[in-house]
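Here's the structure we're looking at; comments come further down.
FYI, side chains are in, hydrogens and waters are out, and symmetry mates aren't considered; it's all heavy atoms of this structure. We're numbering straight along the sequence, starting at 1.
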Amino acid sequence: MAWLWLVIAGLFEIGWPLGFKLASLHARYFAVFIALSVLSMALSGYFLYIAQRSIPIGTAYVIWTGIGAIGTVLIGILFFHDSANIFRLLFLTLILIGVVGLKLIH
């Protein structure tokens, strides 16, 4: 169950930079998106806390940030026209390999 909490924490980790980006693009809803960012941060931290009860702190932290980083980059590429050049994708793949590798050796 701890791994599920960690994945949920990682998904909420994606929410706060997304909220900041949306707040910067839609000034009319700035407060709403900032509030969603803060809520996402809080939930991400809470679920990480729960996951770390059973998963070593280093492993949990790297996987949590990896999910957040990979998810945020993919959202940037898919929805905000961020660069998807070969080097970005290569280094993103290296992060993914590291995250999966840590899970496999746990």
Side-chain angles (χ1 to χ4, degrees):
M1 193 68 183
W3 290 100
L4 176 62
W5 296 131
L6 186 57
V7 169
I8 292 169
L11 293 174
F12 277 113
E13 184 70 2
I14 297 167
W16 66 267
L18 176 60
F20 287 163
K21 178 68 173 181
L22 292 171
S24 72
L25 294 175
H26 305 287
R28 182 175 180 181
Y29 300 106
F30 174 84
V32 171
F33 288 127
I34 294 299
L36 289 173
S37 292
V38 171
L39 178 63
S40 184
M41 282 181 208
L43 290 171
S44 178
Y46 176 73
F47 288 116
L48 176 63
Y49 160 75
I50 293 172
Q52 285 182 353
R53 292 183 199 171
S54 303
I55 301 171
I57 186 173
T59 301
Y61 181 75
V62 169
I63 291 174
W64 175 65
T65 57
I67 292 169
I70 292 167
T72 302
V73 169
L74 291 176
I75 286 174
I77 291 169
L78 295 172
F79 297 104
F80 299 105
H81 310 292
D82 290 355
S83 172
N85 68 51
I86 191 70
F87 293 109
R88 279 190 98 200
L89 298 176
L90 169 69
F91 294 123
L92 196 62
T93 302
L94 291 173
I95 293 171
L96 180 62
I97 290 168
V99 167
V100 170
L102 282 173
K103 167 61 174 118
L104 291 175
I105 65 167
H106 171 70

What one should report as the nearest heavy-atom pair of A60 and Q52 is CB-CG, 3.7 Å
Point to revise | Pair R88-D82, side-chain contact (heavy atoms from CB on, under 4.5 Å): steps then yes or no | key: CA-CA 10 Å; R88 279 190 98 200; D82 290 355; 3.6 Å; yes
Point to revise | Heavy-atom donor-acceptor pair, S24 side chain to K21 backbone, under 3.5 Å | key: yes
All heavy atoms of E13 vs all of S44, minimum pair found to be OE1-OG, 3.0 Å
Above 12 or not: heavy atoms from other molecules or residues under 6.0 Å from CD1 of I57? no
Next on the checklist: Closer than 3.5 angstrom, by distance alone: can the side chain of T93 be matched with the main-chain N or O of L89 as a donor-acceptor pair?
Outcome noted: yes
Between G19 and F33 the two heavy atoms that sit nearest each other are O-CB, 3.4 Å
### Task
Give the intermediate values and the outcome of side-chain contact (heavy atoms from CB on, under 4.5 Å) for residues F47 and L6.
CA-CA 6 Å; F47 288 116; L6 186 57; over 6 Å; no
- Answer yes or no: are there more than 12 heavy-atom neighbours, outside F80 itself, under 6.0 Å from its atom CZ? yes
Step by step, would you call W3 with I8 a side-chain contact (heavy atoms from CB on, under 4.5 Å)? CA-CA 9 Å; W3 290 100; I8 292 169; over 6 Å; no
- Under the side-chain contact (heavy atoms from CB on, under 4.5 Å) rule, what do L18 and F79 come out as? Steps first, then yes or no, please. CA-CA 10 Å; L18 176 60; F79 297 104; over 6 Å; no
Residues I67 and V7: closest non-hydrogen pair is CD1-CA, 4.0 Å
